[in-house]
**Q** 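Got a structure here, written out as structure tokens. Questions coming.
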Amino acid sequence: MDKKRTIIYVDDDVDDRELFKEAMLKTDGIINIVYANNGAEALEIMDNDNDLTQSLCLIVLDLNMPFLSGREIFNIIKTKDTLRNIPVAILSSGQNPNDILFFKEQGVPYFTKPDRYSEIEILADNLFKLCKK
């Protein structure tokens, strides 16, 4: 039997979270998706739920959020023994060349939020593949 897999998706945009959920569930109907509205909430969830942390196969971060940006969350994640080896992907509408370069240098996939649902489905498939690694 496969190990339970969980993705945490950190994004303050409710509509983006719903589209992501719908596309991911089409890709794999049994994957567990946990949402956080911002970086502080995500860190609290990951720090306080050991079962969730054990099942995490991917952390998806938006960059532009209140409290902690995606880049700030990423930097904190990389300092935590329980989280540093979990793959991270960026899913953002931001196109800041410094952010894109930073994450490229870290080996973190950087995806731009698509405009069409068909593109979201392709993106979900690509993100799911990261989860299976």
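FYI, the numbering just counts along the sequence from 1.
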**Q** Would you say Val88 and Leu61 make side-chain contact, with heavy atoms under 4.5 Å?
**A**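 Yes, their side chains come closer than 4.5 Å.
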**Q** Report yes or no: is the cationic atom of Arg17 (NZ for Lys, CZ for Arg) under 6.0 Å from the centre of the six-membered ring of Tyr9, at an angle within 45° of the ring normal?
**A**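 Judged by the rule (NZ or CZ under 6.0 Å from the ring centre, within 45° of its axis), Arg17 is not positioned above Tyr9.
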**Q** Under a 3.5 Å distance rule, please check whether Glu72 uses its side chain to pair with a backbone N or O of Ser69 as donor and acceptor.
**A**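 Side chain of Glu72 to backbone of Ser69, a donor-acceptor pair under 3.5 Å: yes, one is there.
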**Q** Donor-acceptor pair, distance only, cut-off 3.5 Å: does the side chain of Glu22 make one with the backbone of Glu18?
**A**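 Not confirmed, Glu22 side chain does not pair with Glu18 backbone.
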**Q** So Ile7 and Asn32, do their side chains get closer than 4.5 Å, heavy atoms only?
**A**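 No, every pair of side-chain atoms sits at 4.5 Å or beyond.
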**Q** For residues Phe67 and Ile59: do they belong to one hydrophobic cluster (side chain heavy atoms under 4.5 Å, members Ile, Leu, Val, Met, Phe, Trp, Tyr)?
**A**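 Different clusters.
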**Q** Does a salt bridge link Lys113 with Asp13, judged by any charged N lying under 4.0 Å from a carboxylate O?
**A**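 No, this pair does not count.
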**Q** Can you name the salt bridge (charged side-chain N to carboxylate O under 4.0 Å, His left out) partners of Lys104, sequence neighbours left out?
**A**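 Partners of Lys104 under the salt bridge (charged side-chain N to carboxylate O under 4.0 Å, His left out) test: none.
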**Q** Which residues satisfy the side chain to side chain contact (heavy atoms under 4.5 Å, CB included) test with Ile120, sequence neighbours excluded?
**A**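 For Ile120, the residues satisfying side chain to side chain contact (heavy atoms under 4.5 Å, CB included) (neighbours in sequence not counted) are Leu19, Ala23, Pro114, Tyr117.
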**Q** Give a yes or no on whether Glu44 atom CD has more than 12 heavy-atom contacts from other residues, nucleotides or ligands under 6.0 Å away.
**A**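 Atom CD in Glu44 is not packed in, count stays at 12 or less.
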**Q** Strictly under 6.0 Å, is that where the ring centroids of Phe103 and Phe74 end up?
**A**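 When the ring centroids of Phe103 and Phe74 are compared, they turn out to be within the sub-6.0 Å range.
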**Q** Identify the heavy atoms of Leu58 and Leu127 that sit nearest to each other, and give their distance.
**A**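 Answer, listing the atom of Leu58 first, then Leu127: CD2-O, 3.4 Å.
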**Q** Same hydrophobic cluster for Phe20 and Phe111, using side-chain heavy-atom links shorter than 4.5 Å among ILVMFWY?
**A**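 Looking at the clustering, Phe111 is in the same group as Phe20.
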